[in-house]
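A short worksheet on the structure shown next.
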Amino acid sequence: MPNEGYKPNIPEAFLKAYDSTSEEPAINALWEQSSFANPDTCVEKGITAPDAEAFTIVLPPPNVTGTLHMGHAAMLAIEDILIRYARMQGKRTLWIPGTDSAAIATQSKVEGEIYKKEKKTRYDLGREELLARVAAFAEESKDTIINQVKRMGASLDWSRYAYTLDDTRYKAVMEAFVRMYDAGLIYRGNRIVNWDPKLQTTVSDDEIEYVEQKDPFYYFTYGPFEIGTVRPETKFGDKYVVMHPEDERYAQYKHGDTIDLEWINGPITATIIKDEAADMEFGSGVMTITPAHSGIDFEIAQRHGLDIEQVIDERGILLPIAGEFAGTHIKKARPLIIEKLQSKGLVSRVEENYVHNVATNSRGGGMIEPQIKKQWFIAVNKEFTIPHSEIPGIASGSTTTLKSMMRASVESGAIQIAPDRFEKIYYHWIDNLRDWNISRQIWFGHRIPAWFKGDEVKVQIDSPGTEWAQDEDVLDTWFSSGLWTFSTLGWPEKTEDMRTFHPTSVLETGYDILFFWVARMVLMSGFLTGQVPFRQVYLHGLVRDGQGRKMSKSLGNIIDPLTMIDKYGADATRLSLVVGTQPGNDLKLSEDRVRGYKNFANKIWNISRFVLESCENKNLGAELSETDAKLVDEARAVAAEVGTHIENFRLDLAADAIYHFAWDRFAAEIIEESKAVIKASSSPSEQAAAHSRARMLYESLVIILKTLHPFMPFVTEAIWQKLPHDKDSAILMVARWVR
RNA sequence: GCACCCUUAGCUCAGUUGGUUAGAGCGUUCGAUUCACAUUCGAAAGGUCAUAGGUUCGAAUCCUAUAGGGUGCACCA
């Protein structure tokens with residue numbers, strides 16, 4: 001506490017309004033130079049106890065496909081609040097930054113740009129050249145993103161920066177693949193997969209996005225039956241006719257009966273199959289199947305051991321089975337096939353405008369065409385012996401499956417999900433989970449460590465020799481993302497970081513990637529480390545525009561975080577993304593919101609100036625009067641309340657509480673009442689009151705600055721730097737939270 | 001089709017195990033301002049808490065149904 005006769009020597013900059021554009025870069029430089037975002041530094045400098053509890057968050061790594069949007073800004077604001085609070089609590093606090101190569105998304109973006117400018121495909125360029133171009137793009141994009149992240153004031157430990165494709169992470173991915181293969185959890189097999197003919201790769205079930213579409217629905221005469229379809233081009237090979245075993249309309253037909261009938265390219269013999277997959281309510285209750293190009297049909301075919309014939313190739317071209325239509329693209333073939341069927345009198349009716357959902361690749365690809373392909377899969381239902389497990393309910397050395405391990409992690413409470421309604425959604429997803437297709441037919445990513453020589457296969461990290469050829473495919477980007485909580489800590493090496501910081505404390509991300517990412521981390525971490533990846537999941541909502549619409553280029557309603565930071569400051573931007581948001585609920589953001597919080601930053605600035613001016617020539621070591629002590633306690637109580645809210649992940653309530661205390665109570669009432677006390681100083685008792693009052697104001701200000709710091713780090717730190725030097729910490733970022 | 005969420009002031013949202021007169025920000029209107037304030041301060045208007053039942057001494061809050069909006073999953077021959 002400064003002593004008698006303290007002269008605040010208020011810097012000139014303080015006499016004007018708070019100017020975020022001049023203060024923020026200086027504060028950022030101060031933090032960076034301190035390197036207090038690195039917990040090791042804090043321990044070395046004696047700020048954090050070496051045995052202090054760890055608090056870890058891994059930053060969901062932004063894709064290196066572009067620039068930061070408001071969703072990222074919200075994520076950074078929320079996580080930085082949690083991190084700064086934990087750090088001020090004296091915890092060993094680590095927030096790990098990173099970026100994600102985002103295999104398909106990045107490659108397809110670069111491919112698209114190359115095609116636009118040079119009319120060249122990846123096959124024209126070749127693997128090496130394309131990879132170089134993608135890597136260059138990723139590098140540039142990465143730098144942009146890092147700079148944007150820093151401008152938000154995010155106190156990440158950049159010395160631990162990780163990129164999914166850097167050497168350490170590459171090693172982790174290879175190791176993970178080999179271990180899972182050796183445990184029998186990764187296998188290669190012919191299965192029906194989601195094939196994207198545009199990007200020429202498979203995608204996982206979760207990456208599929210169903211888009212509503214209107215198409216004509218055709219009914220054909222198929223012998224004595226009527227069958228329906230929107231996709232006549234798949235029907236060439238259909239020689240099985242399926243009906244429900246209990247459908248009385250077709251009781252006369254027995255399973256295995258054959259019927260001769262006239263079909264697209266001439267007479268065929270069809271076989272009756274009775275299977276419960278046929279829906280009696282739909283259409284005529286009878287269907288033909290195309291096992292090579294439909295998931296359900298494939299399952300039916302497998303159940304009954306039926307022939308499976310490919311009709312359409314990888315580029316969407318009809319194969320010789322299509323007879324005269326062979327070599328034609330399915331889009332062009334469809335009307336021609338209808339024409340032919342009509343001329344043969346086989347079209348019984350057409351229902352125009354049939355509304356149905358078609359599968360598309362949500363990663364910037366095209367319509368999905370189911371195909372049977374030899375792919376790598378992770379077996380989620382296969383039993384295995386887990387060597388080591390800290391997951392409650394799963395004992396080390398016991399037999400389990402990945403699915404039940406994922407379930408146990410949440411059911412046991414080892415992982416808590418906020419808001420908790422997402423736990424149900426998580427279970428539902430697990431129950432419907434099928435084997436995860438992890439191979440992708442693109443070039444950018446982690447190449448699968450499998451080696452072939454003739455029919456022999458070896459799975460190992462290093463090449464077994466020159467005569468062995470490596471698998472051409474790369475891994476699904478979520479495979480490497482699934483390792484993120486521990487690959488960033490140096491796994492598979494037994495590092496000090498791994499021991500200290502894993503499992504991580506909180507995983508904060510958008511609810512839209514609960515399945516893609518959160519669930520996959522639970523899977524990977526459970527199997528490979530025997531631990532849950534994090535103890536708490538916090539799912540934030542999506543940032544939408546003022547009218548609740550998604551922000552998009554075509555709507556022109558994008559609010560760019562950098563523009564907001566330039567205009568109103570990072571603090572105002574952060575606060576606007578936190579106040580009024582509850583976990584799991586979308587946030588409607590308008591520029592007015594941001595502007596409002598800029599005024600608040602300025603308010604804090606002015607409060608501070610007033611307090612410092614009031615402290616001029618006052619003894620801040622003076623005894624506090626009873627009234628003033630109560631007022632300081634009031635501020636302290638608010639800090640405690642804010643802390644409780646933060647621990648409950650109610651950042652909206654926390655911010656609201658300190659906002660109202662600072663503005664409506666401290667500035668509007670306490671300061672107003674203090675003006676007279678500070679000025680009147682004729683009698684000794686009045687002077688004592690003035691000294692006490694000044695001290696109260698100063699102490700309250702310190703409490704407000706500390707409490708507000710996680711939310712508005714820049715303005716609070718800027719003010720802190722102008723406070724007298726004998727405060728409890730030279731840098732507010734590592735000051736101890738109010739006690 | 002199954003499940004979940006939302007509906008509170010003009011707008012965006014709080015309202016924690018049911019408990020006085022339902023709150024905030026923004027916006028609107030009126031007034032003040034040589035005062036720490038690129039402003040700020042004071043005041044006002046504005047709500048049948050979606051609708052209808054029920055439980056209860058008491059319901060924005062719990063239960064049921066309905067309507068509207070949204071999301072996830074499945075189906076899609």
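Please read all numbers here as calculations on a predicted model, not as lab measurements. Each chain gets a letter, A, B and so on, in the order the sequences are listed, and its residues count up from 1.
In a base pair of the Watson-Crick type (N1 to N3 plus N6-O4 or O6-N4) or a G-U wobble (N1-O2 and O6-N3), with each distance short of 3.5 Å, B:U29 is matched with B:A43. Base pairing analysis places B:A14 opposite nothing; no Watson-Crick or G-U wobble pair with both distances below 3.5 Å involves it. With a 3.5 Å ceiling on both atom-pair distances, the Watson-Crick or G-U wobble partner of B:G72 is B:C2. Partner assigned to B:U7 is B:A67, using Watson-Crick or G-U wobble distances below 3.5 angstrom.
In this structure, A:F422 places its CZ atom 10 Å from P of B:G72, rounding to the nearest Å.
Ring pair A:Y511/A:F422 is parallel by interplanar angle, where below 30° counts as parallel and above 60° as perpendicular. Between A:Y18 and A:W605, the ring-plane angle classifies as tilted under the 30° and 60° cut-offs. Note: A:Y218 and A:F220 have parallel aromatic rings, judged against thresholds of 30 and 60 degrees for the angle between ring planes. Ring pair A:H255/A:H304 is tilted by interplanar angle, where 30° to 60° counts as tilted.
Residue-level contact check: A:A667 touches the bases, meaning some heavy atom is under 4.0 Å from a base atom. Base contact: A:I607 has a heavy atom under 4.0 Å from a base atom. Counting non-hydrogen atoms under 4.0 angstrom, A:H428 reaches the backbone sugars and phosphates but no base.
Listed pair A:R650 / B:G15 meets the phosphate criterion, a side-chain N or O lying under 4.0 Å from OP1 or OP2. Of the side-chain N and O atoms in A:N432, none sit less than 4.0 angstrom from OP1 or OP2 of B:C2. For A:N602, a side-chain nitrogen or oxygen approaches OP1 or OP2 of B:A38 to under 4.0 Å. Note on A:W663: every side-chain N or O is 4.0 Å or more away from OP1 and OP2 of B:A24.
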